[in-house]
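Just so we're on the same page: letters track the sequence lines, and every chain starts at 1.
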Amino acid sequence: MEMEKVYNSKNVEEKWYKYWIENKTFSAKPDKNKKPFTIVIPPPNVTGSLHMGHALNNTLQDIIIRFKKLQGFNTLWVPGTDHGGIATQSVVERMLKKEGKTKYDLGREKFLEKMWQWRTETGDTILDQLKKLGCGLDWDRTAFTMDEVRSNAVKKAFIELFDKGLIYRGKRLVNWCTHCGTALSDIEVEYEDEKSNLWHIKYPFKDSEGYVIVATTRPETMLGDTAVAVAPDDERYSGSIGKIMILPLVNKEIKIVADYIVDKSFGTGAVKVTPAHDATDNEIAKRNNLELIEIIDISGKMINVPEKYAGLSVIEARKAVVADLEEQGFLEKIEDYSHSVGRCYRCSTTIEPLMSEQWFLNVSGMSKNAVDAANEEKTVFVPQSWKKPYVLWLENLRDWCISRQIWWGHRIPVYYCVDANGQRKADCKPKAAFETPKECVCGCKDFVQDNDVLDTWFSSALWPMSVFGWGDGDNNEDLKYFYPTSALVTGHEILYLWVARMVQFGMEFMKDIPYSHVFIHGIVRDKSGKKMSKSLGNVIDPLGIMDKFGTDALRFALTQSAAPGRDMQVSDESFLAARNFSNKIWNASRFIIMNLEGIDKLEDNINPAELADEWVIAEFTNTAKKVTSYYEAYDMDSAARELYDFFWTKYCDWYIELSKIRMTSTDLKVKKQVLEILIYILKSFLQLISPIMPFITAEIWQILNGEKSAIIAESQLQITNDELQINDESIKKMSVIQDIITKIRTIRSEMNISPAAQIEAFFNVLDSANENAVKDNESYIKQLAKLGLLSFGKDIQRPKNSALALANGFEIFLPLDGLIDIEKEKARLSKEIAAAMAEIERTNAKLSNENFVKRAPEIEIEKIKARLNEANLKIEKINDSLKFLG
RNA sequence: GGGCAGUUAGCUCAGCUGGAAGAGCAUUUCCCUUACAAGGAAGGGGUCGGGGGUUCAAGUCCCUCACUGCCCACCA
C-alpha cells in the first residue's frame, strides 16, 4: 500500500463521510440487548451556516457518540433543524424588501409559501456542512421543528397545557419589538449599557406652592404618568403622600403614593410612575390601584397624549417633551447617565414595554419539578457550577409569554366561534384543538383560528421528545427506548432559552428528565478574546479551516481547548499545530506500514521482548486508562492533550526511534515481534483518538487492517483497563536511559559535534544500582546518542580533553580531543557547578530546619538528602574533570 | 446590586487530593539522520495578579484587594 508522504485530508475526508452516510454507520434502532446512549442535536436554525460555535458544539457531541460506540453502546445522535421563528422570517422579509415588497403585499398564505420555498431550497445547508465535519448522525431520523410529526407534538403539548388551564390569554405588560412587530419573552431581551441622560423634572403640587423633582431616563413617558412614588419611610416626603400634583404638559392630576420598591437614596427619592410602559411602574400601579394609560402603540408611536405629541415616534416625543419642559420651566437639570437598555435579541431594536393581549404559560409547577430534578442530581451539570444559576433562574421565573405576532411558526391551535359577520363571539370559550372544530356547543359551525404563532422555543422545548415521535400517534417504541437521552451538549448562551425549558416540558409531559447530563462548553473567541462576529470582522470560518488544514485538525484544535464551561480562544496557529499532529500520525503509520513489506503474517497478541517494549506498553496503558476516564467525564480537552503527548513524545520520539534497531535486523522474527507491538499500540491509539479525529484514523485503520471492511467506527475498543500489565519498573529503568541519552545529546549539541560523528563514550560506574539496566540496553544509547563505541568500567581513566556528563550513578566521559572547545566545556561545567551549589544551599536549608526534619514524612526527607548527595558528588566530579581540561 | 469564572514563559493555555514550575506557538543553535523540515536534537525565557494567613512545605488550601470576562436583577 502506497501512502503519500504528506497526509492529504481532502481525498480521505470525502471518501469517508460518504461511506458513513451510504452505509448508515451511525443509524440505530431500539435493541433490548444493548444499552442505548443517546444525544439529540441542538437543532441549528435553518438560516444557519456552520460557524465555529457549531463546529465546536457538534465536534464535542460527535466525540461522545463515537467513543460510546467504541465502548459498545447502542449509540444514537439525532439530527435536525429549527424553523427559527423571527430570525428566519426576517431573512425572507429582507429578501422581499430587495424586491420592494413587504410580507403584507403577499398576505399570510403567499408569504408562508415563500418561507417554505426558501426553507426547502437552502434550509439544509448546515446539515450538509455537519456531514463534512464528520458528524456521526443518524440521517434517516433528520427532524425539523415544523415538519408534520413535530407540529403534532406542538399541538398536543399546547392542547394539554391549555386544557389544564396552564395556558391563558391576558393583557399584560410585555416586551415589544417595534421592528419585528411582536412580543418577546423576558429572556429574549438583551440588556446593554448605554450612555444617556437623567432628566430631572419638576412636578408641581396642586394645592400648595412647591414641587417634587423626579429623575427619569425616559422623559417622554411622563405623558402617561399616573402617579409619583416615594419610599414609605422617606422623611422628605412623609407629609406629601396622598397629595395631588399637576402633571406638566398634560395638566392632569396625579397623586403621590408610597411604595417599598422606591430607593430613597437614588436621585431625589421620587419616581414618576408610568404603569403602561415600565415593568416596575406596572407593579407599583397594581399595588396602589393606579390608572393605566397606554401612550405608545405597537409601532412605537405616541397615542393618547396631547395633540402636539400624538403620532410622534418615541425619540421625537422625547425631544419635544424635553424642549417643552425646559421652556415652561419644569426642567430642573440634565445629568449624564449610563444605564442598561433592553434590546431585541434578533434585531437589536430597543424594546418597548407595553400592554398587549398575549398567550402566557404558567410555568410554576414545571419549574418546581425541574428544580427538584436538578437538586436530586437527576440532571447533572458538567461543569457543576452551572447548576446554581440554573436553579436560581427557574425559581424566579415569571410566566412565559408564548405568543408571537409573526407568521412563520406554529400557529396557535386555538379556535374561536364567529358570527355571520366573521366576528368572534364573546360568549363562547375559545377551544384548543388539532383541527378546526366541526361544531361549537353554542351550535355555531364557523370558526377562525388565532392569528398568533408560538415562540420558536416552544417547539424546541419539546425536541428531545418530539424527535422520537411524541404526540404522533401510538408509535412510541423509539421514545420508550431512547428517552430520556443521555447527554445534552450546548453552550451556556441557551441554558435558559432552551435547556431549562426542555427539562420543564420533559417533567410535564414525560414525567421524566429529557437527559441525565448537561455538558456546557464555552464560547469560541478570537485570538484576542473577543467574541466572533461578522461586524467585528474576526470570524474564522470553519469551512475554510477544514479546507486549509483538514477537518481532523479543526476538530482536534477545538477539542484541545474546550475545557468544560470555559470560553476558548482559537487562531490559525492552533489549527496549524493540529494539522502538524495529523501529519505526524500519518507518517508514523506510514513508517510502520512501509516496514510491513515482505512480512507475511503478524500475530494479534504481543510479546514484549525487551525494556522498550515493556516501557511503551506501560506508558500506553496508563494513557489509555486516563483517556478513557477523561472521555467518560466529558473532559475531552484532557483526553486530546494526553493522546497528543503520548503519541508524539513517547511513541514517536522514543519508541519508534528505538524500534529502528530491530527493524533492520536480518532475523525476521525479531522484526515481526517489534512490529506487532508497534501495530498493537498504534491501533489502540487510533481507536482512542478516532472520536476526535475520525477521518485520518478511519483511513489508516483500513490500510493497517488490509481490508476494505475494516471500519474503525464500528470496532470495539481493544484496550480494556485490565488487559495489559503495567511494569512500573520499566518506566523507571527507561527514564535512567533516557536521561543518559539526553545528557550526551546536550553535550554534542553544545559542543557542536556533527550528528554524523560517531563518537566514543566511557561509562565510569560510581553506583552500581543502574549498572545492569544500562549495560543491558547500551544499544539504545548507541542508537539515539549516536555513539560508535561504548565501554564500561569501575576505574576508568579520564581521557584527555573529554566532556563530562553525570547521570544516574555514572560518570560519562566523551573524549573529544580535537573536536572540543576547551573554553566552552569549562563554561558549561562552571554553570553546572553553580546550579549544584544552589541546590546544596536549598537542600541544606531544608535539612537544617528542625521542623522539617521532625514533621515531614520520611520519604520526603530521604529525597532531599539524596538531592544533596547528588549535588555534592556533582561538584566533586566536575572539579576533577576541570583539572583534566586544557 | 448579586452571582460565577479567570489572572502561571512574549502569545494561547495545562498543572488532580499541597512536597524541586509544564506543553504548543514564537525565539536561539545545530541537522534535509532512508516515517515525518508540516520534521529531529539541544538551549534561552516564569519571584505562578498584589497583600495577608494556615503548614515543616503553597501555583495548589483559607482570607482580602485589584483587574478582566460572563450571567442575573424592579440601575427611576
* Under 3.5 Å: donor-acceptor pair, side chain of A:D637, backbone of A:S561 -> no
* **Donor-acceptor pair (no angle test) under 3.5 Å: A:S340 side chain, B:rC75 base** => yes
* Structure fact -> Per-nt protein contacts along nucleotides 26-33 of chain B (heavy atom under 4.0 Å; B base, S backbone sugar-phosphate only, - none) come out as ---S-S-B
* Asked: A:R579: what forms a side-chain hydrogen bond (donor to acceptor under 3.5 Å, both in side chains) with it, not counting sequence neighbours?
  -> none
* Asked: Counting only N and O atoms by type, is there a donor-acceptor contact under 3.5 Å from the side chain of A:R867 to the main-chain atoms of A:E839?
  -> no
* Between B:rA35 and A:K660, is there an OP1 or OP2 to side-chain N/O distance shorter than 4.0 Å? -> yes
* **Interface residues of residues 634-649 of chain A with RNA chain B (non-hydrogen, below 4.0 angstrom)** => A:R641, A:Y644, A:W648
* Asked: For the side chain of A:D645 and the backbone of A:R641, is there at least one donor-acceptor N/O pair under 3.5 Å apart?
  -> no
* Asked: Which residues pass the side-chain hydrogen bond (donor to acceptor under 3.5 Å, both in side chains) test with A:Y345, sequence neighbours left out?
  -> A:E188, A:W457
* Asked: Choosing from B:rG40, B:rC75, B:rA35, which nucleotide comes nearest the side chain of A:H339?
  -> B:rC75
Could you list all N or O pairs between the protein and nucleotides 52-54 of chain B that sit under 3.5 Å apart?
none

* To do: Identify whether any heavy atom of A:R590 sits under 4.0 Å from a base atom; if not, whether one sits that close to sugar-phosphate; answer base, sugar-phosphate or nothing.
  => sugar-phosphate
* Please measure how far the P atom in B:rG1 lies from the corresponding atom in B:rA9, and state the result in whole Å. => 31 Å
* Please work out which of the three classes, parallel, tilted or perpendicular, describes the rings of A:Y390 and A:F381, given edges at 30° and 60°. => tilted
* To do: Using a 4.0 Å heavy-atom cut-off across all strands, classify A:Y191 as base, sugar-phosphate, or nothing.
  => nothing
* With sequence neighbours excluded, residues passing salt bridge (charged side-chain N to carboxylate O under 4.0 Å, His left out) with A:E860 -> A:K863
* When we call it a touch if two heavy atoms are under 4.0 Å apart, what does A:K5 touch: a base, just sugar-phosphate, or nothing? -> sugar-phosphate
* Mark yes or no for a side-chain to base donor-acceptor pair under 3.5 Å between A:R745 and B:rA41, with no hydrogen or angle criteria applied. => no
* Structure fact -> Within residues 270-280 of chain A, those residues having any heavy atom closer than 4.0 Å to RNA chain B are A:A270, A:V271, A:T280
* **Contact residues, residues 214-226 of chain A to RNA chain B [heavy atom, < 4.0 Å]** => A:A215, A:T216, A:T217
* **P gap between B:rC62 and B:rG19, integer Å** => 15 Å
* Measure the shortest side-chain to side-chain distance between A:I747 and A:R828 over non-hydrogen atoms and say whether it is less than 4.5 angstrom. => yes
* Just by distance, do the side chain of A:H277 and the backbone of A:L354 share a donor-acceptor pair under 3.5 Å? -> no
* Pick the C1' atom in B:rU29 and in B:rC71, then give their distance to the nearest Å. => 50 Å
* Structure fact -> By salt bridge (charged side-chain N to carboxylate O under 4.0 Å, His left out), A:E352 pairs with (sequence neighbours left out) A:R218
* Got a salt bridge between A:E750 and A:K824, using NZ or NE/NH1/NH2 to carboxylate O under 4.0 Å? -> no
* Asked: Can a donor-acceptor pair under 3.5 Å be found between the side-chain atoms of A:Q560 and the base atoms of B:rA14?
  -> no
* Asked: Mind checking the P distance from B:rA38 to B:rU33? Whole angstroms is fine.
  -> 14 Å
* Structure fact -> Its dot-bracket string being built from Watson-Crick and G-U pairs below 3.5 Å, with | for another strand and [ ] for crossing, RNA chain B has the pattern (((((((..((((.....[..)))).(((((.......))))).....(((((..]....))))))))))))....
* **Rounded distance in Å between the P positions of B:rG51 and B:rU60** => 13 Å
* To do: With A:K584 as the cation and A:Y651 as the aromatic partner, state whether NZ or CZ is under 6.0 Å from the six-membered ring centre and within 45° of the axis.
  => no
* Structure fact -> Looking only at B:rC36, B:rG43, B:rA76, the nucleotide nearest the A:N583 side chain is B:rC36
* To do: Provide the distance between the two P atoms, one in B:rA21 and one in B:rC25, to the nearest whole Å.
  => 24 Å
* Asked: Residues two or more places apart in sequence or in another chain: which of them pass side-chain hydrogen bond (donor to acceptor under 3.5 Å, both in side chains) with A:Y644?
  -> none
* Please state the P separation for the pair B:rC72 and B:rA14 - nearest whole angstrom. => 24 Å
* To do: Using a cut-off of strictly less than 4.0 Å, decide whether A:N580 has a side-chain nitrogen or oxygen near OP1 or OP2 of B:rC36.
  => no
* Between A:E870 and A:K874, is the closest basic N to carboxylate O distance under 4.0 Å? -> no
* Asked: Does OP1 or OP2 of B:rG43 have a side-chain N or O of A:T746 closer than 4.0 Å?
  -> yes
* Can you tell me the distance, in whole Å, between the CD1 atom of A:I681 and the P atom of B:rA35? => 19 Å
* With a 4.0 Å heavy-atom cut-off, tell me which residues in residues 841-852 of chain A come close to RNA chain B, sorted by residue number. => A:N849, A:N851, A:F852
* Asked: CD1 of A:I593 versus P of B:rC36: gap in Å, rounded?
  -> 14 Å
